[in-house]
Amino acid sequence: MFHIFCPYCQEYREEEEFHPSGQAHLVRPADPASVSDEEWGDYLFFRDNPRGIHHEMWVHRLGCRKFFNITRDTATYEILETYRMGEQPSITAANAEVRREQGVQTADGGWQTVGAQPENSRLNEETPS
Amino acid sequence: MSEARSEDNGGNAATFDTHPGADAGVTPESPLQWSRVQGRVTEEGGAAEQIRVVERPFLGHLVLRGGAITLDEAVRAELGVSLPGKPLGLVLDAEGSRSVQWVSPDEWLVIVPAGEEFELENRLRARLGDAHFAIVNVGGGQTLLELSGEKARELLMKSVTYDVHEHGLTVGKAVGTVFAKTSVVLRRPSEERFELVVRRSFADYCVRWLRDAGREYGLRVESASH
Amino acid sequence: MTQSNRLNQGGRIDRSRRLSFTFNGQQYTGFAGDTLASALLANGVDIVNRSFKYSRPRGIAAAGPEEPNAIVQLGASEAAQVPNVRATQQALYDGLVARGTNGWPNVQRDVMSWVGKLGGSFMPPGFYYKTFMAPASMWMTYEKFIRKGAGLGRAPTEADPDIYDHFNQHCDVLVIGAGPAGLAAALSAARAGARVILCDEQEEMGGSLLDSRESIDGAPASAWAEQVVAELSGLANVTLLPRTTANGYHDHNFVTLHERRTEHLADTAAGAGREGEVRARLHRVRAGRVVLASGSHERPLVYANNDVPGNLVAGAVSVYIRRFGVVPGQRLVLSTNNDHAYRAALDWQEAGREVVAVVDSRAKPDGDLVKQARDAGIRVITGSAVMEATGSQRVSGAKVVAIDTERFVVTGKVETLECDTIASSGGYSPVVHLASHTGKRPQWRDDLLGFVPGEVKGMHFAGGVHGVYALGETLTDGADVGAEAVRAAGFEEAAAIAVPEVAVRQESPTSALYQIPHEKPPLRAPKQFVDLQNDVTAAAVELATREGFESIEHVKRYTALGFGTDQGKLGNINGMAIAARCLNRSIPEVGTTVFRPNYTPVSFGAIVGRHCRELFDPERYTALHQWHVENGAEFEDVGQWKRPWYFPQKRRADGQERLETMHEAVARECLAVRRGVGILDASTLGKIDIQGPDAREFLGRVYTNKWAKLAPGRVRYGLMCKDDGMLMDDGTTSCLAENHFLMTTTTGGAAGVLEWLELWHQTEWPELQVYFNSVTDHWATMTVTGPDARKLMSEVTDIDLDREQFKFMDWKEGKVAGVPARVFRISFTGELAFEINVQANYAMHVWKALFAHGEKYDLTPYGTETMHVLRAEKGLIIAGQDTDGSVTPEDLGMHWAVGYDKPFSWIGQRALTRPDTAREDRKQLVGLKPKDPKVVLEEGAQIVLDPEQKIPMTMMGHVTSSYYSPVLESGFALAVLKGGRNRMGETVYLPMSDGSVHQAEVVSTVFIDPKGERQNV
């Protein structure tokens, strides 16, 4: 039973609230008509299955309904970080060892950007909790 | 001849007053009507037990979607409370009868007394003008249960996976979480009270569950009168 | 019977409260505070069970969860039966009834016992695999007898009267085990203000302190335990859970605790005078930090006939004497390789019974306890061990011999000591089970002669579990680790607790000793048991290694070592040591084993909790549920929804009144819709509110067809594909305003489609300005359909229903029965239809008003079955029934609903031109008309072209929907058939499992009103 930090709700929640949604950072070809059948087949059907660091997409189905990403070690089941849609992982298979030694920051607690527009962060400083 | 119940919001969205009006002689049925018929819910009143569960039916429930700054201004102006910008925030107005709850970074749940929601929606829409937002009336689809009493927390520990300890679910917090085999919105508007917002179609299941889990406390589920 | 082995004083029992109980049909008495095991020993009961495989008599061997023999079936009544209870863990209560799990027909005289007497060569490891292999068909017969003979306990055949539940717990620090280390750790953490849960599997907290000979701060160790428990129970931030076993350790510090709340009082909660209370509770704990203070289990030595009743683990002897005032025999021989076990001899002698000798494998033991024993006049035989126990129903003597542990041989002459009890100790095995549940392998430590836990994130170890054994060190370790855990949980101010004073005891080192060499070669010597519960002998392990099983994991599976409810608590290390010796390797080289949850058996009741009977799964109801029930609906489960399936009516025939069959009811309902007017509760359809300036663009990308020009007031049917081009859902979407749409989905697809839209919006096209919200529960939906639908509607609504004003695929708003409503002219029946949406709280009013006005039109409620027949007659598909994730819109013949020239490459478009999706011979949706109109084809039936073809036949497709049509007066079906659209008019064959073959003609999917005129009147 995973304990997952939702980067939108900004706290840890039980796995039962979430649902896995496959490999993260898949890119749908911008112009599907221009890619070959083989390339389209790769996009549709082929996924990584590494032992070790893997980036997955999950959705906080019973909470905020937002999709986000998880960097997880498939061998130890350890979740190394969670990050929002559109962000890049700070831990990858390439830098995992270094990051492990430095320690991983997952939560900054409390305030966060609200909504899609960056300027909304201003609101967070003004609104009483 | 059909009356105009829709407000024209510049063609952006269709609003709709779903209520027939007091003079129409139409009796609404809350999502717990079937539970009531089955004897699982009684009229409000009687001696307080270790736990009390009371339905507050027919409240106005609106979902607000949009950017926080945009919505905040409109909500402040029309409801007199600021939009909770912090995740999981829940704010109430001075009377405690109107609330705004953070649901996700672009979603809030507003609950107001019965019948206020259509007016409020129109006022908010007028204020929000051309901004990108959405307001959705969901009042027919959910109902609110209030839980109070010394064993309320214990009852919730049997039912939800969320940490309902005062360190976890602090006053002024609201979360969507797992309830038995369904989901609910769990709110802590005050020290003495928890609230569950349950979906209409799951309401009877939730009541059955609460009654079963609360049997050892002599739990009764009540509903406020129509 | 008298309690012949009970001491007059001492122990933590209440001699003023006598409890009577029944074991194997005999009545006994014990005292409050006894376990079933201590009470049986007090009464001198030697044999409690028959062994699993060899059916040898077995007695109580241990005092805790590691007990391998005294496994009982509990319960006076059938409904209260509990299998596989360890007598050592079951508190005694008045009226307790138990019997040994094994031993058919009884423990004293056993029909299987010849197997045990005939010796190992008849039942080597793999015996069952080898002997009962052939013929395979006979296994079922063999198994019945093997199981009965082996006796694995049995489930009750009557319903359990008790209730169980789950409790979701959250804490900063969970301490598992309330022995010295656990108590000290909990105290450290609690004083720092953390939320602490302390659980312990025993009746009383204190662990080894309760039977310790040592003093803490000058007082008995048990007094310190009582004082700490008292302090902890007074703290609001501490939850104490006695009788609670931590059974499973799961990812990210999620721990399941099994709390037994009334099982120590009576068979049932009601029997304990606690009607309605929870019998057992599963705590689902999410802990910030876990302190594992599970201590150690003493290992017995492996010697010949070490399973005869009267052979005990040394520590258990002390526990029975000191905690329960029970001495389980008269004359004791202790066989040991360490100092600590000497306490058994000292306790025995102080209880006034005879210690015949202590046999120590070490050459020169000289620790404090050894000196005490010598000073007390106890004979200590060094460099030796008990090689064999004599006796069959009870130990009658111990054969003692000098041994060379290096060369694994006996070196001296055998001396037989007369005794009735042999206590043995081969050292201590840390209880690492929970630490390995997530797959972390334990690590061998040569200095401890045992495995300690591997590193587990979020878990700390205190006391015996990581090899800290001496009492004083254990207390210090517990306090330190508790402080460390609470700091790790984020508490800065962990005040150090004052560690009490304990006298340091000098100990001489333990020697490595597991199996005792015998004068005969291992395979000839009497049985030396490694795993008593699974009847695995040293010879079996040796044979396994000779047969080529080199990894301990394989040896385990071949021999059953450490299987089942035992989980290797006593035998694992000994088994590994023997395998290592045979393979000439070290123990860690042979491998380590990991353990699985659960640590000890958990009742199914606790696992299930409240999720049973009417709460097994949520039942979702529409706003009209009450009406459906009151009008006799039969219900169908659609997902979690209860939907009316059909409404059987009373019918008079032959002067008898009876309910219609389903067939009759559906025929009546179908004809009512085709000829008059019917009504369906369609509230379960998924409904999604879509708003935003890019809503239209978004629809164009997720649906296969075009949305750019759909005007407010209009409705369109849409198909939704996955990006592989396969249909996932369908439904209508209405344009409510320029930037506002209402999408409907299938009942089952509601949640999935909303998440699908969110997925694409949040991940691929966040730049599109659009919001989606579920309004499924907000609106109730009623479909009024049939030739008379307009007449009925005109009586209840102010909406202009003129066919030119309110066209097919239009929607309008107005009032229906006085309630504001949106009405949609869409049809799933092929007839004129109005779909009415009202806010759900007003649905019942509207529904009843429709019936009040509908009486003169014979308004007929219909259910899902009639809905299916009506839509299938029109060739309308149901996503998920006529499709299965491998069907494209083209396969369905819905080319008209695919917009290939839309500017954006919508989801699924690209895949439709892949060679496989564009194949001519794909399975295509067709209609089938059985040649015999009475035949209703089976859904799922396979279609072939040549009924004479030999098996395997060439399968061309299958039936997806099939019904009887009262209008056609014939069966009819929809099917997917390879190249089906080019096979119109052909005859196909459907071979059935009974050998019959149906014939059917391939026809159009539309069986009624091919021009679609009826819905457009």
Side-chain angles (χ1 to χ4, degrees), chain A residues 1-5 8 11-16 18-19 21-45 57-62 64-69 72-80 84-86 100 104 107 109 115-117, chain C residues 168 170 248-256 284-288 438-440 454-458 490 701 722-726 751-752 754-769 771-774 900 903-918:
Chain A
M1 279 279 288
F2 292 167
H3 206 208
I4 300 171
F5 185 84
Y8 296 101
E11 61 180 28
Y12 282 93
R13 296 292 186 88
E14 296 299 322
E15 184 179 332
E16 289 153 289
F18 299 89
H19 195 75
S21 201
Q23 184 178 335
H25 305 299
L26 292 177
V27 179
R28 188 179 195 252
D31 181 12
S34 69
V35 302
S36 69
D37 285 336
E38 194 183 345
E39 285 169 308
W40 190 253
D42 283 351
Y43 156 71
L44 282 183
F45 303 121
M57 191 158 68
W58 285 65
V59 58
H60 194 182
R61 183 177 275 179
L62 303 184
C64 64
R65 299 199 291 125
K66 293 295 181 217
F67 286 82
F68 62 97
N69 302 302
R72 187 170 73 89
D73 188 323
T74 60
T76 64
Y77 283 30
E78 191 180 345
I79 292 174
L80 301 166
R84 291 172 208 173
M85 214 30 75
R100 252 188 242 272
V104 179
Q117 297 84 356
Chain C
N168 296 299
H170 302 259
Y249 175 79
H250 309 271
D251 292 310
H252 306 173
N253 272 359
F254 185 78
V255 190
T256 45
R284 306 166 80 246
V285 184
R286 182 65 74 177
T438 51
K440 292 283 164 28
E455 194 189 323
V456 180
K457 203 182 173 200
R701 295 183 186 189
K722 297 214 164 175
D723 229 348
D724 60 3
M726 304 300 156
L754 178 61
E755 195 167 290
W756 178 251
L757 302 180
E758 288 288 355
L759 170 69
W760 286 88
H761 185 223
Q762 291 179 33
T763 64
E764 283 291 332
W765 312 314
E767 70 282 2
L768 294 188
Q769 296 198 324
Y771 289 114
F772 314 96
N773 284 282
S774 170
Y900 288 105
F904 191 89
S905 184
W906 40 271
I907 300 170
Q909 178 175 8
R910 175 65 185 81
L912 292 181
T913 58
R914 290 177 68 237
D916 186 64
T917 10

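Order of the sequence lines fixes the chain letters, A, B, ..., with proteins taken first and strands second; residue numbering starts at 1 for each chain.
To the nearest 0.5 Å, the span separating CG on Leu44(A) from NZ on Lys722(C) amounts to 11.5 Å. Ser21(A) contributes atom OG, which lies 10.0 Å from atom CD of Gln762(C) (distance to the nearest 0.5 angstrom). Atom-to-atom distance recorded for Arg28(A):CZ and Trp760(C):CH2 is 4.5 Å, nearest 0.5 angstrom. Interatomic distance, Glu16(A) CD to Asn168(C) CG, rounded to the nearest 0.5 Å: 7.0 Å. How far CZ of Arg65(A) is from CG of Leu754(C): 5.0 Å, rounded to the nearest 0.5 Å. With values rounded to the nearest 0.5 angstrom, Asp37(A) atom CG is found 8.0 Å from Thr917(C) atom OG1.
Here the side chains of Thr76(A) and Lys457(C) are not in contact, with every heavy-atom distance at 4.5 Å or above. The side-chain heavy atoms of Arg284(C) and Glu14(A), taken from C-beta on, include no pair separated by under 4.5 Å.
For Met85(A), the part lying near chain C is the side chain, with the backbone staying farther off; criterion is any non-hydrogen pair under 4.5 Å. With a 4.5 Å cut-off on non-hydrogen atoms, Ser36(A) touches chain C through its backbone but not through its side chain. Neither the backbone nor the side chain of His761(C) comes within contact range of chain A; no heavy atoms are under 4.5 Å apart. Heavy atoms closer than 4.5 Å to chain A are found in both the backbone and the side chain of Ala911(C). At a 4.5 Å heavy-atom cutoff, the contact between Pro915(C) and chain A is made by backbone and side-chain atoms alike. Contact annotation for Leu26(A): only backbone heavy atoms (N, CA, C, O) come within less than 4.5 Å of a heavy atom of chain C. Looking at Tyr249(C), there are no atoms closer than 4.5 Å to chain A (heavy atoms on both sides), in backbone or side chain.
By the neighbour-count criterion of 12 heavy atoms within 6.0 Å, atom OH of Tyr77(A) is sparsely surrounded, having that number or fewer from other residues, nucleotides or ligands. Heavy atoms from other residues, nucleotides or ligands lying under 6.0 Å from CD of Glu455(C) number 12 at most.
Counting heavy-atom pairs closer than 4.5 Å to chain A, the top residue among Thr438(C), Thr763(C), Leu759(C) is Leu759(C).
His252(C) contributes a side-chain N or O that, together with a main-chain N or O of His3(A), makes up a donor-acceptor pair within less than 3.5 Å.
Residues that satisfy the salt bridge (Lys or Arg N to Asp or Glu O under 4.0 Å) test with Glu755(C), not counting sequence neighbours, are Arg61(A).
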